[in-house]
Amino acid sequence: MSLKAPRGTNDILPPLSLKWQYVEEKIRELLRVYNYEEIRTPIFEYTELFQRGIGETTDIVEKEMYTFTDKGGRSITLRPEGTAPVVRSFLENKLYGEAQPRKFFYIGPMFRYERPQAGRFRQFHQLGVEALGSNDPALDAEVILLGLNILEKLGLTDLETYINSIGCPKCRADYLEVLKGYLQEHREELCRDCQTRLERNPLRVLDCKNESCSRVVLEAPLIIDYLCDECDEHFNQVKDYLDYLEVKYQVDPTLVRGLDYYTNTAFEIKYRGLGAQDTIFGGGRYNGLAEEIGKKDIPGIGFAIGLERLMITLEEQGIELPVEKGIDLYITTIGDRAKRAAFKYIYHLRKAGLKTEMDYLDRSVRSQMKAADRMNATYTIILGEDELDKGVATIRNMKSGEEVEIKLDKLVEHMSM
RNA sequence: GUGGGUGUAGCUCAGUUGGCUAGAGCGCAGGAUUGUGGCUCCUGAGGCCGUGGGUUCAAGCCCCAUCACCCACCCCA
């Protein structure tokens, strides 16, 4: 028995789990206002969905998926991302038959077989939003705003927003020709990885961090100069909406996404303090995805926030999350009769919404008081034979030390005040 | 998949050139007038020194392998 969680996975224990809850609550509040509704899709899907959706030549599909054959001989994959499943569900349930666009969000674990490092795990959690059924640039802007709003609401600062457009399949094809030509001319200056990328996926050369490659990229033709009229107009409108609301962003012509389904708008929000994995959230438009997996032309846009990275950033920036600690009342008991009585009292107190505890280890009064102190009880009450006989007990305010006599049959009332 | 760093009590760490029953602080449990927390004091529990091999009279210390964690590459959230 190894007693170890698998590599790259984490237990989220209290009090951290309470912080997660708080963050998720805050995010849900905002999603409600933006009118994004929760969708829950399976944790695993048929492997084919991701192969076709994300793209056969992407790193995710080539080497990062948790894929296995189930007992029925089907190839199953633990979801490495949330967009393809949402689009699959949208198509399967024919939600295009309802009023458009539909706006969804999901929160849950994703799985990628990667080497763990700062801000990167094999099981990690994403909050994602997907707006399906409209190609309106206003939605692109809305989604970016929503993401920024979430981070802002949690109190984060010093974030950098980058956007770009990677065009549609038509103009991208033209651009790729030009880019390939250019890179071909500078082939010797590229790193070995990039020389192979040149053939398979030249766009990736653009965000190579190799020094020599970066120099080549500086002079490289840019996709935004090769966008077709339609894509150019789309991108301009997105920027216009963002400018209109005075959102600060930078156009980064080298921003490309690693998943095949992206078209037009692509964006990332980064926090420099995160280390090498500094993207808190990223996303973009994926107008070709529904066609790819379901032969339906349905546009979509969305993003995903890495919740672990979000939590790390909150920690980095010293943001205190107001998580509840402590309990309302601890009942100290002496003897079996008192224990039984206390058991009944906490039942009624809890029904009245009061966070209440008692001793389960038959400890001394002293130890019970210590326990009450350690669990940050606001009040304690001591229950012994005397109190039960008289029906009166002393309730102690643990902060002030002040004690008040109350009737036991009025305990719930007293505590509810 | 590649490279660098790390692995000793629940936590943070100490552990001399390999040599007696492996230590500290914090935390945890109990107690310090018999029914009252925080401060103080006392006592106690808890370690196959990541795991498996090897070298040696002797290994927490040396060698090899392996696993995990951290960091970077790659890629991404």
Side-chain angles (χ1 to χ4, degrees), chain A residues 1-10 13 54 57-64 79-83 107-128 147 191-194 196-197 201 204 207-210 255-259 262 266-271 274-284 302-313 330-335 338 359 361-387 393-401 403:
Chain A
M1 234 351 255
S2 75
L3 273 190
K4 268 181 183 161
R7 177 153 210 214
T9 65
N10 292 110
L13 305 169
I54 299 172
T57 66
T58 59
D59 277 15
I60 293 181
V61 170
E62 274 186 344
K63 47 190 198 197
E64 297 176 3
R79 63 181 185 192
E81 58 98 48
T83 302
I107 296 184
M110 303 295 163
F111 307 86
R112 292 184 200 172
Y113 190 87
E114 296 186 270
R115 191 87 176 254
Q117 74 182 72
R120 190 168 76 184
F121 309 97
R122 290 186 172 177
Q123 174 174 333
F124 60 102
H125 298 77
Q126 288 188 334
L127 162 96
C191 68
R192 215 182 323 139
D193 284 341
C194 281
T196 46
R197 283 191 190 114
N201 204 336
R204 298 274 189 77
D207 58 7
C208 180
K209 280 152 198 149
N210 180 291
L255 170 61
V256 290
R257 317 247 62 223
L259 287 66
Y262 285 111
F267 56 90
E268 284 185 2
I269 280 66
K270 297 184 179 200
Y271 173 59
L274 267 182
Q277 313 300 319
D278 59 1
T279 302
I280 301 179
F281 83 79
F303 68 67
I305 295 183
L307 293 179
E308 281 80 1
R309 289 183 190 176
L310 177 61
M311 299 306 293
I312 294 168
T313 306
Y330 185 97
I331 301 183
T332 302
T333 60
I334 304 155
D359 176 63
L361 293 168
D362 294 321
R363 286 183 283 204
S364 66
V365 170
R366 177 193 180 75
S367 294
Q368 291 187 53
M369 289 300 286
K370 274 190 183 176
D373 188 54
R374 247 169 291 133
M375 57 178 86
N376 241 297
T378 308
Y379 293 99
T380 53
I381 189 166
I382 296 179
L383 228 50
E385 295 294 330
D386 280 6
E387 287 79 5
T394 303
I395 188 161
R396 177 183 177 89
N397 181 322
M398 293 294 273
K399 262 211 191 72
S400 64
E403 298 193 335

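Predicted model, so just to flag it, every value in this text is computed and none were measured. Below, chain A is the first sequence line, B the second, and so on; all start at residue 1.
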Nearest-Å distance for atom pair CG/P, residues A:D278 and B:A77: 13 Å
So A:F124, base contact, sugar-phosphate only, or nothing? Heavy-atom distance under 4.0 Å. base
Once you apply a heavy-atom cut-off of 4.0 Å, does A:A304 come out as touching a base, just sugar-phosphate, or nothing? sugar-phosphate
Parallel under 30°, tilted from 30 to 60°, perpendicular over 60°: which one fits the rings of A:F267 and A:F303? perpendicular
Expressed as a whole number of angstroms, how long is the span from A:Q368:CD to B:G30:C1'? 14 Å
Separation of B:A77 atom P from A:E268 atom CD, nearest Å, is 7 Å
Roughly how many Å apart are B:U51 and B:A59, using the C1' atom of each and rounding to a whole number? 16 Å
When the P atoms of B:A65 and B:U2 are considered, how many whole Å apart are they? 14 Å
Mind checking the C1' distance from B:G25 to B:C20? Whole angstroms is fine. 26 Å
Roughly how far apart, to the nearest Å, are B:C49 and B:G15 at atom C1'? 10 Å
Please classify the nucleic acid contact of A:R112 as base, sugar-phosphate, or nothing, using heavy-atom distances under 4.0 Å. base
Expressed as a whole number of angstroms, how long is the span from A:R7:CZ to B:C71:P? 12 Å
Kindly point out which of B:G1, B:A77, B:A29 is positioned nearest to the side chain of A:Y113? B:G1
Rounded to whole angstrom, note down the C1' distance from B:C26 over to B:U34. 32 Å
Sugar-phosphate, base or nothing in reach of A:I280, heavy atoms under 4.0 Å: sugar-phosphate
Integer angstrom distance from the P of B:U16 to that of B:G53: 25 Å
Here the distance between atom P of B:C74 and atom CD of A:Q117, to the nearest Å, is 10 Å
The residue, A:G119 or A:I334, whose nearest nucleotide of RNA chain B is more 5′ is A:I334
For B:G18 versus B:A58, give the span between their P atoms, rounded off to a whole number of Å. 15 Å
Take the protein atom CD1 of A:I54 and the nucleotide atom C1' of B:C75, then report the distance between them rounded to whole Å. 13 Å
Starting at the 5' end of RNA chain B, which residue's closest nucleotide do you reach first, A:D386 or A:G275? A:D386
May I have the distance from A:K270 (atom NZ) to B:C75 (atom P), rounded to whole angstrom? 12 Å
Whole-Å distance separating the CD atom of A:E114 from the C1' atom of B:C69: 17 Å
Side chain of A:A118 only, please: which of B:A77, B:C71, B:A29 is the nearest? B:C71
Which whole number of Å gives the distance between the P atom of B:U6 and that of B:G50? 14 Å
Those stems involving RNA chain B that have three or more consecutive Watson-Crick or G-U pairs, both distances under 3.5 Å, are B:1-7 with B:67-73, B:10-13 with B:23-26, B:28-32 with B:40-44, B:50-54 with B:62-66
Tell me whether the count of non-hydrogen atoms from other residues, nucleotides or ligands lying under 6.0 Å of CZ in A:F111 goes above 12. yes
Select base, sugar-phosphate, or nothing to describe what A:G8 touches, counting heavy atoms under 4.0 Å on all strands. sugar-phosphate
Give me the atom names and distance for the closest heavy-atom approach of A:I382 to A:A393. O-CB, 4.0 Å
What nucleic acid atoms does A:F121 come within less than 4.0 Å of, heavy atoms only: base, sugar-phosphate, or nothing? base
Determine, for nucleotides 36-46 of chain B in 5'-to-3' order, which nucleotides have protein heavy atoms under 4.0 Å from the base (write B), from only the sugar-phosphate (write S), or from neither (write -). BBB--------
In terms of side-chain heavy atoms of A:R115, which of B:G30, B:C74, B:G3 is nearest? B:G3
